[in-house]
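So the structure is just underneath, and the comments pick up after that.
Letters go in sequence order (proteins before strands), and every chain restarts at 1.
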There are 2 protein chains.
Amino acid sequence: MKTKLKTTPENRFTEEQNQIALFAKALGHPARVKILQYLFETKSCVCGDIVDEIGLAQSTISQHLKELKKTGLIQGTVEGTSVCYCINNESWTKMKDLLVEFFDQDLIKTDCC
Amino acid sequence: MKTKLKTTPENRFTEEQNQIALFAKALGHPARVKILQYLFETKSCVCGDIVDEIGLAQSTISQHLKELKKTGLIQGTVEGTSVCYCINNESWTKMKDLLVEFFDQDLIKTDCC
DNA sequence: ATAATTAATCGTAATTTTACGATTGATATG
DNA sequence: CATATCAATCGTAAAATTACGATTAATTAT
């Protein structure tokens, strides 16, 4: 039988390529960039403060936070009725190392066209 | 009454935040990560070779190349009937600098939660 | 216990992304 | 010229993203 199977073999991309893309995707929205910057520059990382700071609806911010949590870049701890978010330094470093290594490809490469 | 000043989408994010997100978004798909790696590691950066290398449809690769071109990370030069793609080193460096600076926020940062 | 506060989730709509096949336009080659 | 080749674009469909208001769950305060 002629199998026009659904493509997308999981060996199409390496785990590293997928990881790089995943981290990059997490940074691929200005709101998330701003959230991360805010979490770095302030100690009060309560969700409500983030909502005020960014200027998007509370539910939207929650979605972005969820996205960042998914990659492990941030983590939240319940504090009474609010939730305190902060950078997960381990994940941040992991992302940093992975992406910087990716960026530094150009140090090996010479000219092309 | 507390009047929540509505920020317009234009000044909601800084130009830097938008730039970071834009570059990150470009890297936010494993196919584009792989394309960039391929362009670095080989001298033959012809579109057809990229299609063979990645294993996606030609039109899909074209779309990804367009996306990368949009950010300026790559450029293509027509060579006869084919097109030779290569990294735009200036843009690559610009992205590198911008993102590495963003990554290095953690060097200033103390602990949070 | 009741009310208030906070953040997650739900439901939904608009937009964007991703993928493919088909077509088109450009350039070689016969 | 006719034809083959290559890559961009078109048309389209499925999936994901982004945004919002409304609701819910959990906790704190009255």
5' priority, DNA chain D, between H29(A) and V78(A) [closest heavy atom]: H29(A)
Under a 4.5 Å side-chain heavy-atom rule over Ile, Leu, Val, Met, Phe, Trp and Tyr, are L27(A) and L22(B) clustered together? no
Could you list the residues that satisfy ring-ring contact (aromatic ring centres under 6.0 Å, His included) with F103(A), not counting sequence neighbours? none
What is the distance, to the nearest angstrom, from the [atom1] atom on [X] to the [atom2] atom on [N]?
| X | N | atom1 | atom2 | result |
| --- | --- | --- | --- | --- |
| E67(A) | dT17(C) | CD | C1' | 14 Å |
| F13(B) | dT18(D) | CZ | P | 11 Å |
| H64(B) | dC20(C) | NE2 | C1' | 12 Å |
| K25(A) | dT17(D) | NZ | C1' | 8 Å |
| K34(B) | dT18(C) | NZ | P | 16 Å |

Please name all residues satisfying salt bridge (Lys or Arg N to Asp or Glu O under 4.0 Å) with K70(A), sequence neighbours left out, ordered by chain then number. E67(A)
Can you name the salt bridge (Lys or Arg N to Asp or Glu O under 4.0 Å) partners of D104(A), sequence neighbours left out? K96(B)
Selection residues 53-64 of chain B - residue pairs positive for side-chain hydrogen bond (donor to acceptor under 3.5 Å, both in side chains), sequence neighbours left out: R32(B)-H64(B)
Identify each atom pair where a protein N or O and an N or O of nucleotides 6-11 of chain D are less than 3.5 Å apart, giving names and distance.
from	atom 1	to	atom 2	distance (Å)
dC6(D)	O4'	T81(B)	OG1	3.1
dA7(D)	OP1	C47(B)	N	3.2
dA7(D)	OP1	G48(B)	N	3.2
dA7(D)	OP1	V83(B)	N	3.4
dA7(D)	OP2	G48(B)	N	2.8
dA8(D)	OP1	Y85(B)	OH	2.1
dA8(D)	OP2	S62(B)	OG	2.5
dA8(D)	N7	Q58(B)	NE2	2.8
dA8(D)	N6	Q58(B)	OE1	3.0

Under the side chain to side chain donor-acceptor pair (under 3.5 Å) test, which residues partner K66(B), sequence neighbours left out? none
